Protein chains: 2
Amino acid sequence: MAANSRLTIATHALAWLALAQRRGQEVLTSEQVAASVNTNAVIIRRSLGDLRRAGLVRVRHGAGAGWSLAREPGDITMLEVYDAVDAQPPFGLHRTEPNPECPVGRGIRPALDGVYGRVEQVMRRELADTSIADVLREALVNQPTVRQSGDRRGACGSRDCSNS
Amino acid sequence: MAANSRLTIATHALAWLALAQRRGQEVLTSEQVAASVNTNAVIIRRSLGDLRRAGLVRVRHGAGAGWSLAREPGDITMLEVYDAVDAQPPFGLHRTEPNPECPVGRGIRPALDGVYGRVEQVMRRELADTSIADVLREALVNQPTVRQSGDRRGACGSRDCSNS
DNA sequence: CTTGCTGCAACAGCTTCTGTTACATCCATC
DNA sequence: GATGGATGTAACAGAAGCTGTTGCAGCAAG
């Protein structure tokens, strides 16, 4: 899978932050978020760093540090996340310039720019219609396995992702 | 640019085939198409091979071989080309499975599947609204440089891409 | 000052795409 | 049937991007 999972990682982190916040957990460390995403903490810091620069999350340094949402989950759209993580556009133009002495070679790039631009527009419109709160709600109603006996609220197994 | 240029290459090839056909040139060799796209002929054969399997172009073997459109340019949509070249979807899910003992980790994938699916749908709808004929028309009205003095109809400079 | 976490650079490994070469295959033409 | 030109495809190298990892400097609450 060469596809970009950056939008997925960032959205997962934001949804987890939103749920933690709702549960009264003010901040989460990058290690706790990484435990939920099941990846390395540095990956999470890179992703949350993008979101911080976009003003979607806040970070607290020093002891007892961690991350928290900068705005309400219902107010953060997937489009903002998409722009924040700077994912590559779905289609790329020619890697090398087409033959400029060819009628098609001369005009194909502006023509495709138009098509790709329209595609990107409808894509952005769709992303703008979904918020982090929407994603979290969808994720919570979609629980494939029943919670097990010893499941404490917020416990994430051997690798704790919520409780300190 | 890591982005996929396969859709771009395939569309360029089809537009060039459409223009050649309109000019009375029945077939083009992969070398002639490659001259317009400015790439290697094998790249073009790979791309046109995809389009052939999808029934969008025809190939003639043997002497005087070459490629031609299997249908009218106005009847081939960008969506068919997109499906033919099997471009990777714009977004990827987690590379490793999220923590299944986490509420968000459990439900995030179906939730994102829904969002990404809707995005893909509007993207496909937009691609279906554009035909090869549309692209060719756009390319021909978008000629950044004026044709030069010695410009023969269809000549593509040192590397001939049309006349045999 | 200590402690815990962030910020960031550097690097390895993996995957994908592009580009190139080489060679077998096919078929209209001679 | 032989020939020649073009396709079909495998194999490989190079480049780029992303993920994952380690290491270390910087910051701030207690």
Side-chain angles (χ1 to χ4, degrees), chain A residues 1-10 12-13 17 26-35 37-53 57-68 85-98 159-161 164, chain B residues 1-10 12-13 17 26-35 37-53 57-68 85-98 159-161 164:
Chain A
M1 182 203 297
N4 238 346
S5 63
R6 277 154 71 175
L7 182 60
T8 292
I9 304 298
H12 184 148
L17 283 178
E26 284 302 312
V27 301
L28 291 179
T29 68
S30 62
E31 175 56 43
Q32 288 172 317
V33 176
V37 178
N38 192 17
T39 183
N40 191 285
V42 176
I43 303 291
I44 298 301
R45 276 184 237 153
R46 283 207 271 250
S47 181
L48 287 177
D50 287 339
L51 301 178
R52 175 178 55 77
R53 277 181 281 277
V57 298
R58 265 193 294 261
V59 63
R60 225 168 55 192
H61 277 225
W67 305 82
S68 58
V85 301
D86 195 33
Q88 65 186 357
F91 309 121
L93 290 181
H94 307 68
R95 177 161 305 206
T96 63
E97 194 181 356
R159 206 173 160 205
D160 195 355
C161 67
S164 58
Chain B
M1 183 202 298
N4 237 347
S5 63
R6 276 153 71 174
L7 183 60
T8 292
I9 304 298
H12 185 147
L17 283 178
E26 285 301 311
V27 301
L28 291 180
T29 67
S30 62
E31 175 56 43
Q32 289 172 317
V33 176
V37 177
N38 194 17
T39 183
N40 192 287
V42 175
I43 302 292
I44 298 300
R45 275 183 240 154
R46 283 207 273 249
S47 180
L48 287 177
D50 287 338
L51 300 179
R52 175 178 56 76
R53 277 181 282 276
V57 299
R58 267 193 293 260
V59 63
R60 225 169 53 193
H61 277 224
W67 305 83
S68 58
V85 300
D86 194 33
Q88 64 186 358
F91 308 119
L93 290 181
H94 307 69
R95 176 162 305 205
T96 64
E97 194 182 355
R159 206 172 159 205
D160 196 354
C161 66
S164 59

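Chain letters run A, B, ... following the sequence lines, proteins first and then strands; every chain starts at 1. All figures in this text were calculated on a predicted structure; none of them were measured in a lab.
Proximity of A/Ser30 to the phosphate of C/dC5: no side-chain N or O atom is located under 4.0 Å from OP1 or OP2. Contact check, B/Arg52 against D/dG8: a side-chain N or O comes under 4.0 Å of OP1 or OP2. In this model, the phosphate group of C/dG19 is approached by a side-chain N or O of B/Thr39 to a distance below 4.0 Å at OP1 or OP2. Residue B/Arg6 has a polar side-chain atom (N or O) positioned under 4.0 Å from OP1 or OP2 of C/dC17. For the OP1/OP2 pair of D/dC18 and a distance below 4.0 Å, the side-chain nitrogens and oxygens of A/Asn4 include at least one atom meeting the criterion.
When rounded to the nearest whole Å, the span between CG of B/Asn40 and P of C/dT20 equals 5 Å. Atom pair B/Ile43:CD1 and C/dT16:P shows a separation of 17 Å (rounding to whole Å applied). Whole-Å rounding puts the A/Gln88 CD to D/dG17 P distance at 9 Å. Going from atom CG of A/Leu48 over to atom P of C/dT6 covers 9 Å, rounded to whole Å. Protein atom CG of A/Leu28 is 12 Å distant from nucleotide atom P of C/dC5, rounded to whole Å. The distance between atom CD of A/Gln32 and atom C1' of C/dT6, rounded to the nearest whole Å, is 14 Å. Taking atom CD of residue A/Glu31 and atom P of nucleotide C/dC5, one finds them 9 Å apart after rounding to whole Å. Nucleotide D/dT7 holds its C1' atom 13 Å from the CZ atom of B/Arg60, rounded to whole Å.
The two residues B/Leu48 and B/Ala13 come nearest to each other via the heavy atoms CD2-CB, 4.0 Å.
Using modelled atom types, one side-chain atom of A/Thr96 and one backbone atom of B/Asn38 make a donor-acceptor pair closer than 3.5 Å.
Comparing B/Asp86 and A/Trp67 against DNA chain C, the residue whose closest nucleotide sits nearer the 5' end is A/Trp67. When each of A/Val42 and A/Gly62 is assigned the nucleotide of DNA chain C bearing its nearest heavy atom, the one mapping closer to the 5' terminus is A/Gly62. Toward the 5' end of DNA chain D, the nearer of the two residues B/Thr29 and A/Arg45, judged by each one's closest nucleotide, is B/Thr29. Between B/Arg46 and B/His61, the residue anchored nearer the 5' end of DNA chain D, judged by the nucleotide with its closest heavy atom, is B/His61.
No engagement by B/Ser47 is indicated, since no non-hydrogen atom pair under 4.0 Å with the nucleic acid exists.
The structure places OG1 of A/Thr29 at 12.0 Å from CZ of A/Arg60, a figure rounded to the nearest 0.5 Å. The line from OG of B/Ser47 to CZ of B/Arg6 is 8.5 Å long, rounded to the nearest 0.5 Å.
Between A/Ser30 and A/Arg45, the side chains place a donor N or O and an acceptor N or O closer than 3.5 Å (distance only, hydrogens not considered).
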